[in-house]
Every structure is written in structure tokens, then in C-alpha cells.
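Everything on this sheet refers to the single structure shown next.
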Amino acid sequence: MKEAHFLKLLFSSLEVNNIDYVILRGYKDLPQIIHNDVDFFVSPSSLYEFFACLLAISKEFSSEVKIVLIRQGVIKCKVESSNFSMDIDFWYNVTFWGLSY
């Protein structure tokens, strides 16, 4: 499963680069099962480095990262290649009301 391999490499890259992040939900099944998307919280001070890691791993998979939406502390992305498609959201501000996190 390409998505699982992609996520393993992304997690490894984030750890090696000391990126401050957490998975907000569905983490128990990752990387084998992605329920809908992968929701990260990224420390605002690590936002640039997180995105750099995401782009670097995407390049290794010949995939493209498309920013779908930026709003109220979240950047919603779609990672697409000829082999897989995955939605990745990364939150950097959790002041939005109504979320169950």
C-alpha cells in the first residue's frame, strides 16, 4: 500500500528533523488504515519545516501536493500521484470552536 509507505517515510522525516507535531485522530490505525484524511497539529514554529518534509517525501513518490484550502488555522492538502491520493490536513492553530479534538 503506497499510502502506508508514504506516511512511514513522512513520520520518519518529521522525527529526524525534530518537527513538533501530533496526529489528532485515527492514529491507532496509521499507517495501515487511513479513515478519511490524516490530521496533524503542527507547532506554528515548525510549520515551514513540516511543509518542507511533506514536499520532500512527495517528490520521492513523484507525487504532487496541492493546497486545497487555507482557513482558520488549517491548511488542507491533497497528495496525488499516479498510484495513490491522500488528504493531509495540518492544523497550526486550534482556536476553532466546535471541533471534538
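Taking both residues in full, the closest heavy atoms of Cys77 and Ile67 are given as SG-CG1, 4.1 Å, listed atom of the first, atom of the second, then distance. In plain terms, the two heavy atoms of Pro44 and Phe41 that are nearest each other are CD-CZ, 4.4 Å. Of all heavy-atom pairs spanning Ser85 and Glu3, the tightest one is O-OE2, 4.1 Å. Taking each heavy atom of Phe61 and His5 in turn, the nearest pair found is CZ-CD2, 3.2 Å.
Rounded to the nearest 0.5 angstrom, Leu54 CG and Lys59 NZ are separated by 14.0 Å. With rounding to the nearest 0.5 angstrom, the CZ atom of Phe11 is 4.0 Å from the CD1 atom of Ile23. Atoms CH2 and CG, from Trp91 and Leu24 in turn, are 8.0 Å apart once rounded to the nearest 0.5 Å. Interatomic distance, Lys76 NZ to Phe90 CZ, rounded to the nearest 0.5 Å: 11.5 Å. With rounding to the nearest 0.5 Å, the separation of CD1 in Ile57 from CG in Leu7 is 10.5 Å. The CG atom of Leu47 lies 10.5 Å from the CG atom of Asn93; values are rounded to the nearest 0.5 Å.
Note: the hydrophobic cluster containing Val74 does not contain Val68 (ILVMFWY, side chain heavy atoms under 4.5 Å, direct or indirect links). Note on Val42: it does not cluster hydrophobically with Tyr48, by side-chain heavy-atom contacts below 4.5 Å among ILVMFWY residues.
In this structure, Phe84 has its ring center under 6.0 Å from that of Phe6. Ring centers of Phe50 and Phe40: under 6.0 Å apart, within the cut-off.
Side chain of Ser58 to backbone of Glu64: no donor-acceptor contact under 3.5 angstrom is found.
Side-chain contact check for Met86 versus Glu80: every heavy-atom pair is 4.5 Å or farther apart. Counting heavy atoms from C-beta outward, Ile75 and Tyr92 have side chains that approach closer than 4.5 Å. When side chains are defined from C-beta on, Ser62 does not count as touching Ser81, because their heavy atoms never get closer than 4.5 Å. Between Val65 and Phe51 there is a side-chain heavy-atom pair separated by less than 4.5 Å.
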Pairs under 3.5 angstrom only: tabulate donor-acceptor contacts from the side chains of residues 12-22 to other protein residues two or more places apart or in another chain.
residue : atom : partner : partner atom : Å
Ser13   : OG   : Asn17   : ND2          : 3.4
Glu15   : OE2  : Tyr21   : OH           : 3.1
Asn17   : ND2  : Ser13   : O            : 2.7

